[in-house]
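To start, the structure itself, in structure tokens.
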Amino acid sequence: MLETELTLNKIYNKNTELYQSKNGYRFNSDSMILSWFVNRICSGLGSENSALEIGAGSGIVSIVLKRRGFLPKIDCVEIQESLYEILEKNIESNSLSGEISPFCADFADFAGTKRKKYDLVFVNPPYFAKESGHLSADSEKTLAKHEVAGSLADFFEISKSILRKGGRFIVIFPASRVQFALFSAARSGYTLKNIAFFRENASTKPATFAASFVLGTETALFSLSDTEIFELRSSDGEYSETGMEIMYEKAPVILSETKNL
């Protein structure tokens with residue numbers, strides 16, 4: 001039973017709401033970017049296909065992905081019980097119980113017992129190496145941000161057992177760690193297909209990138225034309241056209257309230 005203090009926010013459109021821990025881990029724009037990128041790259045997948053989100057947290061990526069019109073059913077794995085309870089609540093409150101299935105488990109254990117094969121795996125993984133950055137005293141934030149319970153390299157390797165050959169693995173990660181990500185993917189047998197870098201505006205350096213990899217492909221798939229750079233805001237500080245598309249279905253919707261549950 002949830003005992004933590006939560007906030008309730010309207011996100012993406014007026015019909016989508018998200019509960020989050022007031023003092024624990026909270027989502028940022030990377031989650032919205034990932035849902036936009038996955039939908040853009042995998043628009044050809046149909047309802048007969050299946051997808052898996054690793055480390056789903058409160059469920060924002062998968063929930064907004066569904067609001068964007070993503071057809072495949074999604075399984076969500078979350079290791080932290082506190083976040084898993086919020087994930088369940090968010091799926092139910094957004095009437096997506098038939099479209100998103102939550103699992104409270106360590107991803108390695110989940111993959112080791114799962115007989116199902118997925119067409120797509122996506123993840124917004126911890127982005128700090130275990131030995132770097134400031135370790136938060138809040139264990140929820142620590143596990144979400146630091147590679148304590150698993151790194152991107154681990155997720156690439158473990159996903160091989162549950163991803164179909166030719167299936168997609170999509171990730172968002174800091175631009176400063178792009179070499180680590182590409183090396184980890186290649187070592188586990190993935191081929192880069194698409195990569196996009198995201199920066200605040202044209203005068204700043206990219207802060208994050210999203211990339212799509214294909215499992216088990218020997219033919220080189222990537223070309224320089226598959227590299228894109230997107231600005232989230234215009235020079236005057238307002239959201240760019242792409243930024244608006246990432247963050248909102250139409251006009252911005254802002255509603256926040258705090259509840260004890």
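- With values rounded to the nearest 0.5 angstrom, Phe37 atom CZ is found 5.5 Å from Asn194 atom CG.
- Trp36 and Phe198 have perpendicular rings, their planes meeting at more than 60° on a 0 to 90° scale where under 30° would count as parallel.
- If you look at Phe103 and Phe110, their ring centroids are closer than 6.0 Å.
- For Asp75 and Tyr118, the side-chain atoms include at least one donor-acceptor pair closer than 3.5 Å.
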Using ring pair (Phe, Tyr, Trp, His ring centres under 6.0 Å), reason through Phe169 and Phe122 one step at a time and then give a plain yes or no. CA-CA 6 Å; Phe169 185 107; Phe122 58 96; 9.6 Å; no

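- For the residue pair Gln80/Tyr84, the side-chain donor-acceptor check at 3.5 Å is not satisfied.
- Lys116 NZ: more than 12 foreign heavy atoms inside a 6.0 Å radius.
- Both the sub-6.0 Å distance and the 45° axial angle are not jointly satisfied by Arg177 relative to the ring of Phe173.
- Ser223 and Ser225 are linked by a side-chain donor-acceptor pair at a separation below 3.5 angstrom, with hydrogens and angles left out of the test.
- Shown here is Lys117, whose NZ atom has more than 12 heavy atoms of other residues, nucleotides or ligands within 6.0 Å.
- Annotation: Glu81, atom CD; neighbour count of heavy atoms from other residues, nucleotides and ligands within 6.0 Å does not exceed 12.
- No cation-pi contact links Arg67 to Tyr12, judged by a cut-off of 6.0 Å to the six-membered ring centre and 45° from its axis.
- A tilted orientation is assigned to the rings of Phe209 and Phe197, their planes being inclined by 30° to 60°.
- Without hydrogens or angle criteria, Lys89 side chain to Ser93 main chain gives no donor-acceptor distance under 3.5 Å.
- Heavy-atom neighbours of Glu228 CD from other residues, nucleotides or ligands within 6.0 Å: above the threshold of 12.
- Atom NZ of Lys114 has more than 12 neighbouring heavy atoms from other residues, nucleotides or ligands inside a 6.0 Å radius.
- Once rounded to the nearest 0.5 Å, the distance linking OG of Ser212 with CZ of Arg40 reads 11.0 Å.
- Between atom CD of residue Glu78 and atom CD of residue Glu53 there is a gap of 9.0 Å, rounded to the nearest 0.5 Å.
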